[in-house]
Colleague: 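Have a look at the structure that comes next, please.
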2 protein chains.
Amino acid sequence: MGRAEIGRALSLSTQAVSNIIAELSDDGLLIERGHLAVGRGLPAKQYALNPKGGYAFGIEIRPDALLAALLDMEGNPVMMKRVAMTKTDPETIVVQIKSLYLEALADEAGAGGRMLGAGIVMPGPFGATGISGHGTDLADWNDIDPATYFSQALDLPVEVSNDANAAAMAERLNGAAQGLSNYAYLYFGTGLGLGLVSDGALVQGAFGNAGEIGHIPMPGINGNLESRLSRMSLQQHLSSADKHADDIDTLAMLFESRDKDLHAWLKPACEALAYAVAVVENLFDPEAIILGGAMPDALLEYFVDQTSLPDQSVSNRPNAQHPRLQSGASGRMTATLGAAALVLNRTLSPHIAHAH
Amino acid sequence: MGRAEIGRALSLSTQAVSNIIAELSDDGLLIERGHLAVGRGLPAKQYALNPKGGYAFGIEIRPDALLAALLDMEGNPVMMKRVAMTKTDPETIVVQIKSLYLEALADEAGAGGRMLGAGIVMPGPFGATGISGHGTDLADWNDIDPATYFSQALDLPVEVSNDANAAAMAERLNGAAQGLSNYAYLYFGTGLGLGLVSDGALVQGAFGNAGEIGHIPMPGINGNLESRLSRMSLQQHLSSADKHADDIDTLAMLFESRDKDLHAWLKPACEALAYAVAVVENLFDPEAIILGGAMPDALLEYFVDQTSLPDQSVSNRPNAQHPRLQSGASGRMTATLGAAALVLNRTLSPHIAHAH
DNA sequence: TTGATCATTCAAACAGTTTGAGTTAATCCC
DNA sequence: GGGATTAACTCAAACTGTTTGAATGATCAA
């Protein structure tokens, strides 16, 4: 955009924009993109964010591994790494993270002085709650505030969140949620998580544990939602037929080959998804619900196509602008990239900073 | 507070606070409260909001009546009125609202030049949706944007919301939610609504229809949540036993006298409430859930006491600071006062104003 | 009584903004 | 082809809201 256009969009004078652009250019945060003539008048000098003007580091902590990614300011990954872990105590993890961080800085020349912060994704819920202790959470982390701990270790501002929130933010940066400010993201991790974005900001809850949609009771069965709709439920279903699918590729293969056990799981899963959609839509009235996470693409597409969306919903509107249910980013690294996206979103979207 | 204390809280210099206080005092928005000596040093001149420095007008539009309230800046009601309506078309309503507004201004000398805005509560959902046309919504309003319409008619900034959101804001101003910034409000209107506050701001959804919790499917029965848990469901239950309770007082009397039909309704209602709590807690992780609306106080208290809260919830934490479920304001005027509270909250809480 | 502590004011400096006049480069239209 | 029109941009000055530093006032503690 040109100075005058930016000024109009921001309700600032052209002169003010000029001053700000001069400062940002000096800092290397903007690049010039030539002149653009759209009609009469002096063609505007175009400015854009310099993708190499800032970087965000993302870490995903899992019980068995550590995943890291480095994103530039446009959200392009410039590094991705995975390290298997056997111990998950804070000291072991922080040492490993520091070493991954140094690798990232070594990989990308110039990132050193331009780090905007680090995003950390770790399994929730945070603190002792009624759904703790189900095997997915990390030991030895109860007495530590992860944000402070990592912030001191890396000497960077740190954002901590869960996988679903991170994935939702990643989707806003580059994916299906671009331009949306009210949407929900259903994330397939081990269980089923929900990332909620309201007016451009994550709804994190009082203790950062919002979005545990997998744990709500599921109508018609004696169990919760994620007992029907999650990767773990699918894997349990398969293993009861003596089939073992530990990774996404195996699941994709089974889906592709129309495996009858996998397909038997699909129908009740779609019903569970329809229920989840009804709950999320009526409680939250999103522009769209995006489906993503550690599932094969084809399976996500199947869910989007085959799930019959509830009629009794505030989102069932005749003139909807967006598909009510759509698929987003899938794969192993979604949440890791999302961790870094947390930082980019904090940097790039206006908010009130609380004095410290 | 004194100037220096305010400065520290806001990360401003004392001098800046002095300048701002001078301006606000000139406008009559602050009052002096004498000096307060806490230790050594010059005792600080105390300042407080002038309750008469600003007013908020609240309107609740119902299919059969119009309710109005005028609140001062501290949230004290200085006027409350009710007018029965037979027609609900926009012209009839706006004429009546204008006349109520003039009455309010006449009642409170000095309110004229000090109106901060008007809050309007009207039955949702807004726009055509899958749960429209159930008899609770107003006719002839589909092509009108209520905010713009009333803003022009009253020449005031206008906030439009539903009853649950308004009630939630009222509770924050004066009631059980004081000091909370992440909480949920379960509101008994005709159906069952949910007001969500995240980081001090209402979660309204993309089209203002968030919080329609009454319309989510209820496990175990062939129906939605509000078919078990709402005033309408209670009244239907009673009328099938040939008892008619059109207002809160009658319901309170029946409850007090341990009417067996009413009490038969209570147990499944508590189960429905437990389910609602499980959904809201796991999805939003609130500090507390507040129960209020058009129900007798005693009945709300009964719900709070008798509902067994779900163990499988992120809010089931051993060291909780607030009761997970508590009762808030009840009665006929809750949503009307809330309508005005919308304005006070917008005025008093910091937010980013979007350029227009 | 004296010194320490803290709130406040005053004046000057500073930062970020708008305003208004002037310059540059494109299109429109005769 | 050439003047009129349009729009982006720059420069300088004014303005607004902030911080900084020195001075003053009122209280407590020893």
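This is a predicted model, so every value here is computed, not measured. The chains referred to below are lettered A, B, ... by the order of the sequence lines, with proteins before strands, and numbering in each begins at 1.
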Colleague: Where each residue is assigned the nucleotide of DNA chain C containing its nearest heavy atom, which of S13(A) and P43(A) is assigned the position nearer the 5′ end?
Modeller: S13(A)
Colleague: Mind checking whether L12(A) and I20(A) have side chains closer than 4.5 Å, heavy atoms only?
Modeller: yes
Colleague: Is S198(B) reaching over with its side chain to a backbone N or O of N182(B), donor-acceptor style, under 3.5 angstrom?
Modeller: no
Colleague: Are any of R3(A)'s side-chain N or O atoms less than 4.0 Å away from OP1 or OP2 of dA7(D)?
Modeller: no
Colleague: Does a side-chain N or O from R8(A) land closer than 4.0 Å to OP1 or OP2 of dA7(D), or not?
Modeller: no
Colleague: In whole Å, what is the span from the CD atom of E23(B) to the C1' atom of dC15(D)?
Modeller: 14 Å
Colleague: Measure CD1/I6(A) against P/dC9(D) and give the value in whole Å, please.
Modeller: 8 Å
Colleague: Between Y47(B) and N19(A), which residue's closest nucleotide on DNA chain C lies nearer the 5′ terminus?
Modeller: Y47(B)
Colleague: Taking the side chain as everything from C-beta on, heavy atoms only, tell me whether L70(A) gets closer than 4.5 Å to M115(A).
Modeller: yes
Colleague: So what does A16(A) hit on the nucleic acid, given a heavy-atom distance under 4.0 Å: a base, only sugar-phosphate, or nothing?
Modeller: base
Colleague: Which heavy-atom pair separates N209(B) from F126(B) by the least distance, and what is that distance?
Modeller: OD1-N, 2.6 Å
Colleague: Looking only at N and O atoms, is any donor in the side chain of Q15(A) or the base of dC9(D) less than 3.5 Å from an acceptor on the other one?
Modeller: no
Colleague: Rounding to an integer number of Å, can you tell me how far E5(B) CD sits from dA7(C) P?
Modeller: 8 Å
Colleague: Could you give the CD1-to-C1' distance, from I20(B) to dT8(C), as a whole number of Å?
Modeller: 15 Å
Colleague: Distance check needed: dT27(D) P versus K45(B) NZ, whole Å only.
Modeller: 13 Å
Colleague: From dA7(C), dT19(D), dT17(C), pick the nucleotide closest to the side chain of L12(B)?
Modeller: dT19(D)
Colleague: When you check the phosphate oxygens OP1 and OP2 of dA30(D), does a side-chain N or O of R40(B) lie under 4.0 Å from one of them?
Modeller: no
Colleague: Closest to the L42(B) side chain: dC6(C), dC9(D), dC11(D)?
Modeller: dC6(C)
Colleague: Is there a donor-acceptor contact under 3.5 Å linking the side chains of N19(A) and Q15(A)?
Modeller: yes
Colleague: Rounded off to whole Å, could you give me the CG-to-P distance for the L10(B) and dT18(D) pair?
Modeller: 10 Å
Colleague: Measuring to OP1 and OP2 of dT10(D), would you say a side-chain N or O of S18(A) lies under 4.0 angstrom away?
Modeller: yes
Colleague: Rounded to the Å, how far apart are H35(B) NE2 and dC6(C) P?
Modeller: 19 Å
Colleague: Report the distance from atom CE of M1(A) to atom P of dA7(D), rounded to the nearest whole Å.
Modeller: 16 Å
